[in-house]
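See structure below.
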2 protein chains.
Amino acid sequence: MLNIGDVARQGGVSVETLRYYEQQGLIETPDRDANGYRKYAPEVVRHIQFIKRAQDVGFTLRDIGDLLSLKADPGASCSDVRDRALGKLSEIEEKIDVLSRMRDVLGTWTNACPSTGPVSACPILDALEARKGPANADR
Amino acid sequence: MLNIGDVARQGGVSVETLRYYEQQGLIETPDRDANGYRKYAPEVVRHIQFIKRAQDVGFTLRDIGDLLSLKADPGASCSDVRDRALGKLSEIEEKIDVLSRMRDVLGTWTNACPSTGPVSACPILDALEARKGPANADR
DNA sequence: GTAAACCCTGTAGTATACTTTAGGGTCAAG
DNA sequence: CTTGACCCTAAAGTATACTACAGGGTTTAC
Ligand SMILES: [Zn+2]
Ligand SMILES: [Zn+2]
Ligand SMILES: [Zn+2]
Ligand SMILES: [Zn+2]
């Protein structure tokens, strides 16, 4: 059995994060020792790594809670999980699209800026001031 | 002279947002009428659109405050503005990189999931459970 | 026997860009 | 002359995922 500090070290998170996850219902409430200390089974470390890996691919803690429910539900099907993953994939692609448009516009603008001379003649500020650049083509 | 509601409608923001921008120093403090109402010159609408366009390409309100300072500073040079734009461009590219990696991993996982059968055999959950996928190759 | 390192609870703070609420004046139309 | 639309301030709430703080008990090693 592990103390919270052991779990934190092995899981690569802080003890505060562990208490937070517990409070959010992402890890099961651990038993307590006579002194009130949380006592964890070693497998909780894997559980925390599940959460961290899910975060790494873009799932929020709320999403992860849903995934854990599915995982624990014998009636749930593979497609339920896949649907969450596909939904997240769409969200991510949407974000990439938005950012790519920003990148394109900013790239155009920075290319147009001579980098010399006063700000009063800066094409970047010009583009921001008037509706000239393609920045807001769709808004 | 315009009331705050007029400016809000013409600028495509809420009156609360206008008061917030004022409080944040992003738009100059307007004169007040005898009744205490804010009275705006029509050009403030353009000013708001500057802010919105800058947000559209990824600048935060803090960034925008900096840009406005540069714009107002006769001693500032074009390269100052360009530097901000290039910095933002890097930030955006970094975000795109992170998201692209998430997309690739999630894509691989969803392709591996047969979408039929119980969750206990879902390769997506498998990938999250164990250190198997390329999700955390660099962490 | 005491100091460091650890554990506990509960609450508040962080960042961003607003939105909402509470409580209350002002103005224009009918 | 009242109703609805509009304006005002100040403070608190929203979302996310923690982090920090205050105040205090426990364990371990010297
Ligand atoms: Zn320039
Ligand atoms: Zn599956
Ligand atoms: Zn009221
Ligand atoms: Zn203390």
Side-chain angles (χ1 to χ4, degrees), chain A residues 1-27 29-40 44 47-68 88 91-92 95 98-99 102 139, chain B residues 1-27 29-40 44 47-68 88 91-92 95 98-99 102 139:
Chain A
M1 285 301 191
L2 307 168
N3 274 338
I4 194 170
D6 304 321
V7 176
R9 266 183 298 276
Q10 292 181 32
V13 297
S14 71
V15 300
E16 292 81 12
T17 297
L18 287 177
R19 289 195 280 246
Y20 176 71
Y21 286 172
E22 178 184 335
Q23 183 200 318
Q24 297 301 115
L26 294 170
I27 53 183
T29 317
D31 290 340
R32 300 298 182 106
D33 221 337
N35 52 20
Y37 288 16
R38 291 168 177 82
K39 286 313 220 178
Y40 296 91
V44 79
H47 199 153
I48 287 150
Q49 288 167 347
F50 179 103
I51 295 173
K52 296 195 71 193
R53 273 191 288 272
Q55 283 185 309
D56 281 347
V57 294
F59 289 106
T60 65
L61 294 187
R62 178 181 298 271
D63 295 331
I64 295 168
D66 289 353
L67 288 176
L68 291 171
K88 187 55 61 179
E91 282 178 34
I92 290 172
K95 284 184 188 172
V98 169
L99 288 167
M102 291 179 181
R139 294 191 61 177
Chain B
M1 286 301 191
L2 306 167
N3 273 339
I4 195 169
D6 303 322
V7 175
R9 266 182 298 275
Q10 292 181 33
V13 297
S14 71
V15 301
E16 291 82 12
T17 298
L18 287 178
R19 288 194 280 248
Y20 176 70
Y21 285 173
E22 179 184 334
Q23 184 200 316
Q24 297 301 115
L26 295 170
I27 52 182
T29 317
D31 289 340
R32 298 300 181 104
D33 222 338
N35 52 22
Y37 287 16
R38 290 168 177 83
K39 286 312 219 175
Y40 296 92
V44 80
H47 199 152
I48 288 152
Q49 287 166 347
F50 179 103
I51 296 174
K52 296 196 72 193
R53 273 191 288 273
Q55 282 186 310
D56 282 346
V57 294
F59 289 107
T60 66
L61 293 187
R62 179 180 297 270
D63 296 330
I64 293 168
D66 289 352
L67 288 176
L68 291 172
K88 187 54 61 178
E91 284 178 33
I92 289 172
K95 285 185 188 171
V98 170
L99 289 167
M102 292 179 180
R139 294 192 62 177

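Chain identifiers are assigned alphabetically (A, B, ...) following the order of the sequence lines, protein sequences preceding nucleic acid strands; residue numbering begins at 1 within each chain.
With sequence neighbours excluded, the residues satisfying side-chain hydrogen bond (donor to acceptor under 3.5 Å, both in side chains) with Glu91(B) are Lys88(B). Looking at residues two or more places apart in sequence or on another chain, you find no side-chain hydrogen bond (donor to acceptor under 3.5 Å, both in side chains) involving Asp31(B). Residues that satisfy the side-chain contact (heavy atoms from CB on, under 4.5 Å) test with Asn3(B), not counting sequence neighbours, are Asp6(B), Tyr37(B), Lys39(B). Contacts of Thr60(B) classified as side-chain hydrogen bond (donor to acceptor under 3.5 Å, both in side chains), with partners at least two apart in sequence or in another chain: Asp63(B). Asn35(A) is linked by a side-chain hydrogen bond (donor to acceptor under 3.5 Å, both in side chains) to nothing, counting only residues two or more places apart in sequence or in another chain.
Close to dA17(D), at under 4.0 Å from its OP1 or OP2, lies no side-chain N or O of Thr17(A). OP1 and OP2 of dC18(C) both lie 4.0 Å or more from every side-chain N or O belonging to Gln23(B).
Spacing between atom CZ of Arg62(B) and atom P of dC18(C) amounts to 14 Å, rounded to whole angstrom units. Between the CD1 atom of Ile51(B) and the P atom of dC18(C) there is a distance of 9 Å, rounded to whole Å. Taking atom OH on Tyr20(A) and atom P on dC21(D), their separation rounds to 19 Å, with Å as the unit. In this structure, Asp66(B) places its CG atom 12 Å from P of dT16(C), rounding to the nearest Å. Taking atom CZ on Phe59(A) and atom P on dA17(D), their separation rounds to 13 Å, with Å as the unit. In this entry the distance linking CG of Leu26(A) with P of dT16(D) reads 13 Å, nearest Å. Atom CG of Asp33(B) is separated from atom P of dG25(C) by 19 Å (rounded to the nearest Å).
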Footprint string (nucleotides 4-11 of chain D, 5' to 3'): B base within contact, S backbone only, - free, heavy atoms under 4.0 Å: --BSSB--

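If you take CD on Glu16(B) and CD on Gln23(B), they are separated by 12.5 Å, rounding to the nearest 0.5 Å.
Among dA17(C), dA20(D), dT19(C), the nucleotide with an atom closest to any side-chain atom of Ser14(B) is dT19(C). Out of dA17(D), dA17(C), dT19(C), the shortest distance to the side chain of Glu16(B) is found at dT19(C).
Gln55(A) comes within 4.0 angstrom of sugar-phosphate atoms only, judged by non-hydrogen atoms across all strands, and of no base.
A side chain to side chain contact (heavy atoms under 4.5 Å, CB included) with Tyr20(B) is found for one member of Leu61(B), Val15(B), Val13(B), Leu26(B) and no other, namely Leu61(B).
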